[in-house]
Amino acid sequence: MEEVKSIHKELRRLEDVIDSIEIKLHNTTGLLEIIRLGMERLYKEEYTYEIASVCILAEDLSAINDTEITKIQAILAEIKERF
């Protein structure tokens, strides 16, 4: 019984960590958007290699947040149901 309580506690901690990562990814994506807008204004161009790189990075982080974090949360939910 004590082991089950310990597992529940660890699962809650894991859930908090995942939520924290999700928030950080979302915030970083937002910051990259601000950087992109600043670079466009600075260079007075909408497309440069640097701006494209920032856009790709933002898209990748957004995709990770939308797909991988969602998968991790689903797996965690399944594990929580078992216990």
Side-chain angles (χ1 to χ4, degrees):
M1 186 66 178
E2 190 66 34
E3 186 175 311
V4 173
K5 286 182 183 180
S6 176
I7 291 172
H8 282 287
K9 184 177 178 181
E10 293 300 318
L11 289 173
R12 281 192 299 273
R13 285 185 51 216
L14 183 58
E15 193 172 39
D16 291 342
V17 170
I18 292 169
D19 290 342
S20 174
I21 291 170
E22 182 178 23
I23 290 168
K24 288 176 183 178
L25 285 171
H26 179 75
N27 291 342
T28 303
T29 301
L31 289 173
L32 287 170
E33 179 64 20
I34 292 169
I35 291 168
R36 181 191 63 83
L37 292 171
M39 290 172 72
E40 286 177 357
R41 189 169 188 169
L42 179 67
Y43 294 139
K44 298 188 182 354
E45 294 182 36
E46 288 187 22
Y47 185 83
T48 64
Y49 176 78
E50 293 83 4
I51 293 171
S53 297
V54 169
C55 290
I56 290 169
L57 182 58
E59 289 170 4
D60 288 348
L61 290 176
S62 183
I64 289 169
N65 201 23
D66 294 341
T67 58
E68 303 304 321
I69 297 295
T70 303
K71 287 179 188 177
I72 292 169
Q73 288 172 334
I75 292 168
L76 182 60
E78 288 177 20
I79 293 171
K80 286 174 77 174
E81 285 178 10
R82 291 181 189 167
F83 292 99

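Keep in mind it's a predicted model, so treat the numbers as computed, not measured.
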(message) For the CG atom of Leu11 and the CZ atom of Arg82, what is their distance to the nearest 0.5 Å?
(response)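 Between Leu11 CG and Arg82 CZ, I get 11.0 Å after rounding to 0.5 Å.
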(message) Quick check for you: to the nearest 0.5 Å, what is the distance between Thr29 atom OG1 and His26 atom NE2?
(response) 7.5 Å
Sequence-distant partners of [X], side-chain contact (heavy atoms from CB on, under 4.5 Å), two or more places apart:
X: Leu37; answer: Glu33, Glu40
X: Leu42; answer: none
X: Thr28; answer: Leu32, Leu61
X: His8; answer: Val4, Arg12, Phe83

(message) For residues 49-61, which residue pairs pass the salt bridge (charged side-chain N to carboxylate O under 4.0 Å, His left out) check, not counting sequence neighbours?
(response)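 Salt bridge (charged side-chain N to carboxylate O under 4.0 Å, His left out) check on residues 49-61 returns no pairs.
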What about [X] and [Y], same hydrophobic cluster or not, with Ile/Leu/Val/Met/Phe/Trp/Tyr joined at side-chain heavy-atom distances under 4.5 Å?
X: Ile56; Y: Met39; value: no
X: Ile23; Y: Ile21; value: no
X: Ile51; Y: Leu31; value: no

Sequence neighbours left out, cut at 3.5 Å: what donor-acceptor pairs do the side chains of residues 62-74 make with other protein atoms?
| unit_1 | atom_1 | unit_2 | atom_2 | d |
| --- | --- | --- | --- | --- |
| Thr67 | OG1 | Ala63 | O | 2.6 |
| Thr70 | OG1 | Asp66 | O | 2.7 |
| Gln73 | NE2 | Glu22 | OE1 | 3.2 |

(request) For Arg13, check side-chain hydrogen bond (donor to acceptor under 3.5 Å, both in side chains) against everything at least two apart and list the hits. (result) Glu10
(request) Please name all residues satisfying side-chain hydrogen bond (donor to acceptor under 3.5 Å, both in side chains) with Lys80, sequence neighbours left out, ordered by chain then number. (result) Glu15
(request) Keeping the roles fixed (side chain from Ser6, backbone from Glu2), state whether a donor-acceptor pair exists under 3.5 Å. (result) no
